[in-house]
Amino acid sequence: MRKTRANNRGFTVRGPMSERLQVHNVDTDALELPEITAEGFRTSLLHHLQYSVGSDPEHASKFDWRIALSYAVRDRAISPWFRATRTTWDTDHKRVYYLSMEFLTGRLLEDTAINLGIFTIVNEALTSLGLDFHDIAEDEPDPALGNGGLGRLAACYLESTATLACPAYGYGIRYEHGLFKQGFDHGVQIETPEDWQANDSPWNFTRPEAAYRVLFGGHLEEENGATIWVPEQHVVAESHDTPIVGYGGNWANTLRLWAAKPSAKYFDLNQFNAGHLARASFAEALARSLSRVLYPNDTTDTGKELRLRQEYFLTSASVQDILRRFLATHDDLRKLPDFAAIQMNDTHPAIAGPELIRLLIDDHGFEFETAADIATQVLGYTNHTLLPEALERWSVDLMRHVLPRHMDLIEKIQHREIELHGPLEPATAILDNGHVNMGSLAFLTSHRVNGVSALHTDLIRSDLFPDFNERHPERILNVTNGVTPRRWLKLANPDLAALITEAIGEEWETDLDRLTQLAEYADNDDFLTVFGETKHAAKNRLADWLNHHHDIDIPVTGLFDVQVKRIHEYKRQLLNIFWTIARWQRIKRDPSAGWVPRVKLFGGKAAQSYVMAKDIIRLINDVAAVVNNDPDTKDLLQVVFPPNYNVSMAEKLIPAADLSEQISTAGMEASGTGNMKFALNGALTIGTLDGANVEIREKVGAENFFLFGLTTEEVAQRREEPGHSRAAIEASQPMRDILQAVAEGTFSPDEPHRYGNLVDSMWNSDWFLVASDFDSYDEAQTRVDEAYQDTRAWQKASVLNIANMGYFSSDRSVREYMAKIWNIDSAL
Ligand code: 26V
């Protein structure tokens, strides 16, 4: 390849499509849509069906209606979107850039209609046509562009920035295939490719004018004392925008997702014409591979070069876009921190520090010192996990091979830190033992580093970065996670939302602390009766959906006990299924002991390569097969595991839950956000003192929370005790009975030793302390049973949970980011 200098300046890929034409005599005000009415909306919908979709009402499919409806709703999102863009430019307002490898937005149709305040009118228009809004909305594919909590948090935060009129962009990757689709074959997880882009999304706006080259590989040269990067390859990052409308419809922010495209020269026309079809497309395929798949692994550093390339692809395109936007109206890049705040969602975009420094030096002539100062003032880093296996480390060789200039700058960043603040501990140095620690790099190139719950932030200070905390005592702070009450209450649980509005009036949607007024109703019989009906309705909806989509029948009378999240040993689905086995054994021993009927619901995916997590899934399904078909127990205990848990499924499961399982080994779950969604919908929590559980329990009151288990300190001590697992099992009759049943093949009669490894690891290591916490969990579950039998008392506790959840609105979290990290005000 011809030598090119890595000068990104003027490298915005601008084709004829981005040429701006001069126009005259346009009155943009005249383009504003008229005030919405059901009649007018109906006309607009029929118009889109005919002229945008090309279908007629007599023959239109659900898909056709969904697309037409999305266009009709989307029309209404444009003016808040334009208003936001214009206001930000006109007032030269600071902007936030949220860089994340994952965004789990969920479906957009109903959410956008709710936030625009047109849900009721749209519903009316559809009803007049004999159509059902929810039914049509369910046709939308749920974009699975993330693994779990980190990606869903990014989506909640973007929606909250829009609600608060905080000018913000979410930057991510437009993966062709999101997280795999999960199916079960005889209880075993099978993965098939997800295909959310099978049809064009009406929410996507492709922006050919905003495309950038992202450079890779090559080598460095010295020229007049300056370092020059001579890259070997490049791909083009093409932007795809989605408007994210804030509640109230006053403001919309942009989710900008990058798609990797080869530059035209990658397609070898000579090869093609010579008949070498595959060879002609090879380079093209390589370029496209950058946005082909989401890494389906949320715990381990896969060490895959492609992953590093993806991270750089996201980061470089975003940082170039950020600089381009700043330079459109400014010329002094030293002012960048006054106009841009970049938040790194975990370390995945941590190459942003070196990338920004590189662009400032190589394209804009800054000295390293100044460039590093500017970058540090602009950047913030959120840590989302303490699990050692999830902390990103790249080998120096790989980093130098893929990004030679960045490797050079990383060395300079480490050197600068040592010059300014003294030598670094090897364990937390950026460069250690031939590796680059991305957490340390992110920390030392950020002005603020935050954890996601009070406990987690304490552990960041004491365990993850104790030496950095001494060197930079002002840098670490806590911002406890939050969730958006629009999606997680108003959209997911419309009956409960309506009841709340009836009781305390509007505006809790944007001022969630108002929920405290519900406490007055906690003893009100009439209120509690209706409240009970909303829970029952949610259970019925879930039961209908399970029946219709998964051919699963569940009774709607029992206690719905739900654990939905990624499958991971530290989250301890094993503890839950072990207890379920104990329950089954107990019912069989004493069938008429007055058992509270339970429906045990599980949901979640295991990383493809995570053998133990897949064993746990299989065990849950194996237990379900035995328990659900046992005539002695099936009316009292059901185990249900619908496949392919995602945002849309969460919207159905969470409102129906009575009990929320938040049972991770203390000290291991950074925050959790499912815990907040459940409590907001009135489920009571059975949980450990881990992540945000600690704060939830403080807010809702210890008497309304089923606490169990070892504390973080006790976990550390217990792990030091030799033989702790054997001792705990031997001391617990139920634990022994459970493990015996599993070991004997009670749940795998066709293969009795299927769970041999799992049982062995329980006896011999049990790192996650399932056995140590079992009796305490069991005792808490007994308290759950007792409490559930007093319906009124349970409902009261449930209402008090909701009443005290105001703090966990993502609006509160985003306000904290705005004040303490981004230094930005609302623009309205
Ligand atoms: C790591 C990796 C490593 C390489 C392959 C892809 C990949 C994807 C994700 C991760 C780290 C995931 C960390 C994460 O999701 N943490 C969760 O963040 C939530 C939001 O703060 C929090 O509520 C959960 O407790 C925490 O586990």
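Note that ligands are numbered from 1 as they come in the structure, with each ligand's atoms numbered from 1 the same way.
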**Study point:** Proximity of Thr382 to ligand 1 by residue part, where a heavy atom lies under 4.0 Å
**Key:** neither

Review point. Are Lys605 and Tyr645 in a cation-pi contact, defined as NZ or CZ under 6.0 Å from the six-membered ring centre and within 45° of the axis?
Key: no

Practice item. Compute the ring centroids of Tyr175 and His177, then answer whether they are less than 6.0 Å apart. Key: no

Exercise for review: Give a yes/no verdict on whether any heavy atom in Gly672 is under 4.0 Å from an atom of ligand 1.
Suggested key: yes

Exercise for review: Look only at interatomic distance and state if Tyr295 has a nitrogen or oxygen under 3.5 Å from any nitrogen or oxygen of ligand 1.
Suggested key: no

Check your understanding: Which part of Tyr157 is near ligand 1, with near meaning a heavy atom under 4.0 Å away: side chain, backbone, both or neither?
Key -> neither

**Study point:** Partner residues of Thr347 under the side chain to side chain donor-acceptor pair (under 3.5 Å) criterion, sequence neighbours left out
**Key:** Glu392

Review point. So is there a nitrogen or oxygen of His384 less than 3.5 Å from a nitrogen or oxygen in ligand 1?
Key: yes

Review point. Side chain, backbone, both or neither: which part of Leu150 has a heavy atom under 4.0 Å from ligand 1?
Key: both

Practice item. Could you tell me whether the side chains of Tyr247 and Glu159 share a donor-acceptor contact shorter than 3.5 Å? Key: no

Point to revise | Under 4.0 Å to a heavy atom of Asn147 - the qualifying atoms of ligand 1, by number | key: 8 (C)

Revision key, fill the gap. Per-atom filter on ligand 1: closer than 4.0 angstrom to a heavy atom of Ala670 are 25 (O)

Point to revise | ring pair (Phe, Tyr, Trp, His ring centres under 6.0 Å) involving Phe578 - partner list, sequence neighbours excluded | key: none

Review point. What residue among Thr445, Asn437, Leu444 forms side-chain contact (heavy atoms from CB on, under 4.5 Å) with Ile430?
Key: Leu444

Check your understanding: Which of the atoms in ligand 1, numbered in the order shown and given with their element, are less than 4.0 Å from a heavy-atom of Tyr570?
Key -> 27 (O)

Practice item. Over 60° means perpendicular and under 30° means parallel, so classify the ring planes of His472 and Phe443, tilted if in between. Key: tilted

Point to revise | Min N/O separation Lys571 to ligand 1 under 3.5 Å | key: no

Study note, to complete from the structure: If you compare Met101, Arg307, His348 by their heavy atoms, the one closest to atom 10 (C) of ligand 1 turns out to be His348

Practice item. Could you walk me through whether Tyr171 and Tyr97 pass the ring pair (Phe, Tyr, Trp, His ring centres under 6.0 Å) test, one step at a time? Key: CA-CA 7 Å; Tyr171 279 118; Tyr97 299 105; 5.8 Å; yes

Check your understanding: Hey, which atoms in ligand 1 end up nearer than 4.0 Å to a heavy atom of Glu102?
Key -> 8 (C), 9 (C)

